[in-house]
Amino acid sequence: MRTTLSAGQARRAALVAQGLGGPRDGSATPHTLHAAIARMGVLQIDSVNVFARSHYMPLYSRTGAYDTAALDRIVFRRSKPTHVEYLAHEAAFMPVADWPLWGFRRDDIRARNGRWGGWAAENTAVIDLVRAELADRGPLKPSEIASIEREARRGRWWDWDHVKRALEHLWGIGEVAIAGRDGFERVYGLASRILPDEVLFDLPRDEAVRELVRRAARASGVATISDLNDYYRLRDQKAVRQAVRDLEDAGELSPVAVEGWGRPAWIHRDARVPRATSQAVLLTPFDPVVWFRERAERLFGFSYRIEIYVPGPKRRYGYYSLPVVIDDRIAGRVDLKADRAASTLRVQSAWWEPGGAPDPARAAAEIRRAAAWQGLDEVTVSRWGDATDGLAAELGAARHEHPNAVGAFRSRGDEP
């Protein structure tokens, strides 16, 4: 097993471990989608839909322009579900068979009385009523649980926020599971009625953590302790270190030095380190390749921040910029907006990464593929960002002005 890796070898091992660099011909089948999710382990969910919802993107990055309805049928299946939502990283889709792995997280949430401090202990009545409502009526959206807004006998009032908190608490401790979504609103039901009986148990904490570290290592290719700790948001470096020792003793992990990392790392025994990778791929901000920002900077020299909550004139790169992977580097970032009324993909800003190798032709081809995947007929490109002129030329695209461009350039001391 290797004892040293160059920075490039580490990048390629990480990308290949994530299933990137393979064929993206749009011929994905349900089996292909299942396999891609299994390889990542989880599919993080996010509500932002400015281009495409985040959980659709990683499958596009790995398989090409697939039918998103096929993914919906996998993750929202009501009868004999194969996947379920849980806090496996942040809120994410995961195989339903993984439910027993998360007993320790349910225990931790129960021990700290829910994610709102003492709220659960102080609101047992509303929690009991929500539980009873689900038992009586089956899976419900929060907005459908109207009968507990007022408990007439006591004359007490609970608003929608109390209902939602009760549902989220019961979900966190595993009494409730997500039965699907209506639009983007969760539908909650009793876990005992939604999940198969064979998964309704908890693995011991040390066994579960070891298995999750094993999966994180396989999905990462090469990783540090902090990488392995973050992949499933274990938040327990001591337990992760012990799991790494166990996996090293078992021959599944080997220590490795990575050029420029300056910290211990481990490589999984199944990791491949190709001499080159060839791809031009857009990533969501919540793709496992970049969701741990410290790792993204260490692997790719890519400093990443989502600027949704940054006031428009102060944004450096745009509202929701997507990393652009070309071969084994993150070469740039583009802020994309799907203008569905005009059937147009608007490139709101585009930037090359410092020290990278700009490749406007391949980046433009990927943007064109992304537009087609979303059913958008046209592409326009703003004048905000040092990659916009090259992309517009390659795309033969009309230009549009972006209202934040001047302010953003001035904030960096540049000229628009």
Side-chain angles (χ1 to χ4, degrees), residues 42 44-48 55 75-76 78 81 83-94 96 98-197 199-205 208-209 232-236 308-309:
V42 289
Q44 187 174 338
I45 304 164
D46 186 73
S47 61
V48 177
H55 65 279
V75 297
F76 296 132
R78 291 289 188 97
H83 290 75
V84 67
E85 290 186 40
Y86 194 62
L87 300 165
H89 189 73
E90 299 297 332
F93 297 112
M94 67 178 192
V96 72
D98 289 355
W99 189 262
L101 286 169
W102 296 100
F104 72 92
R105 179 148 296 167
R106 295 188 283 271
D107 287 343
D108 289 347
I109 292 173
R110 189 179 293 108
R112 66 176 182 261
N113 218 2
R115 284 178 284 171
W116 302 277
W119 183 90
E122 296 168 1
N123 291 273
T124 56
V126 69
I127 292 171
D128 289 344
L129 285 166
V130 168
R131 186 189 293 112
E133 191 85 355
L134 295 177
D136 289 344
R137 296 174 58 200
L140 297 167
K141 297 180 292 185
S143 58
E144 293 174 322
I145 305 180
S147 66
I148 71 155
E149 288 181 350
R150 180 181 297 277
E151 186 189 7
R153 182 170 57 83
R154 297 185 183 180
R156 295 186 61 182
W157 177 269
W158 289 284
D159 60 18
W160 183 89
D161 186 56
H162 278 71
V163 173
K164 179 69 171 175
R165 283 186 167 199
L167 288 166
E168 290 285 289
H169 172 71
L170 290 168
W171 177 51
I173 65 174
E175 288 191 41
V176 159
I178 307 303
R181 286 181 181 249
D182 183 358
F184 207 70
E185 186 178 8
R186 285 184 178 131
V187 179
Y188 298 79
L190 296 181
S192 59
R193 297 184 183 178
I194 293 170
L195 303 179
D197 291 342
V199 305
L200 293 174
F201 70 95
D202 297 340
L203 285 171
R205 180 183 292 260
V209 169
Y232 289 104
R233 294 287 166 90
L234 297 174
R235 300 182 177 92
D236 189 344
I308 292 173
Y309 301 111

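Note that CG of Asp202 is 6.0 Å distant from CG of Asp107, once rounded to the nearest 0.5 Å. Distance check: Leu129 CG to Glu133 CD gives 8.0 Å after rounding to the nearest 0.5 Å. The distance from atom CH2 of Trp99 to atom CD1 of Ile194, rounded to the nearest 0.5 Å, is 8.5 Å. For the atom pair CD (Glu175) and CG (Leu167), the distance works out to 11.5 Å, reported to the nearest 0.5 Å.
Partners of Arg205 under the side-chain hydrogen bond (donor to acceptor under 3.5 Å, both in side chains) rule, at least two apart in sequence or in another chain, are Asp108. Take Asp46 and apply the salt bridge (charged side-chain N to carboxylate O under 4.0 Å, His left out) test, not counting sequence neighbours, and it matches no residue. Residues satisfying the salt bridge (charged side-chain N to carboxylate O under 4.0 Å, His left out) criterion with Asp182, sequence neighbours excluded, are Lys141. Evaluation of the side chain to side chain contact (heavy atoms under 4.5 Å, CB included) rule for Ala135 yields Leu190, Arg193 as partners, not counting sequence neighbours. With sequence neighbours left out, Asp236 forms a side-chain hydrogen bond (donor to acceptor under 3.5 Å, both in side chains) with no residue at all. Qualifying side chain to side chain contact (heavy atoms under 4.5 Å, CB included) partners for Leu101, counting only residues two or more places apart in sequence or in other chains: Asp98, Leu203, Ala208, Glu211, Leu212, Arg215. Residues passing the salt bridge (charged side-chain N to carboxylate O under 4.0 Å, His left out) test with Glu85 are Arg181, Arg186, sequence neighbours excluded. Residues meeting the salt bridge (charged side-chain N to carboxylate O under 4.0 Å, His left out) test with Arg235, sequence neighbours left out: Glu90. Residues passing the side chain to side chain contact (heavy atoms under 4.5 Å, CB included) test with Pro81: none are found, sequence neighbours excluded. Under the side-chain hydrogen bond (donor to acceptor under 3.5 Å, both in side chains) criterion, Arg105 pairs with no residue at all, not counting sequence neighbours. Shown here are the side chain to side chain contact (heavy atoms under 4.5 Å, CB included) partners of Ala88, two or more places apart in sequence or in another chain: Val42, Met94, Trp102. The side-chain hydrogen bond (donor to acceptor under 3.5 Å, both in side chains) test applied to Tyr86 returns no partner, not counting sequence neighbours.
In this structure, the side chains of Pro139 and Tyr188 stay at 4.5 Å or more apart for every pair of heavy atoms. Looking at heavy atoms from C-beta onward, Val84 lies in side-chain contact with Leu195 at the 4.5 angstrom threshold.
Judged by the 6.0 Å and 45° rule, Arg106 forms no cation-pi pair with Trp171.
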task: Let me see the working for Asp128 and Arg131 under salt bridge (charged side-chain N to carboxylate O under 4.0 Å, His left out), right down to the final yes or no.
output: CA-CA 5 Å; Asp128 289 344; Arg131 186 189 293 112; 2.8 Å; yes
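Between His162 and Trp119, the angle of the ring planes lies from 30° to 60°, which puts this pair in the tilted group.
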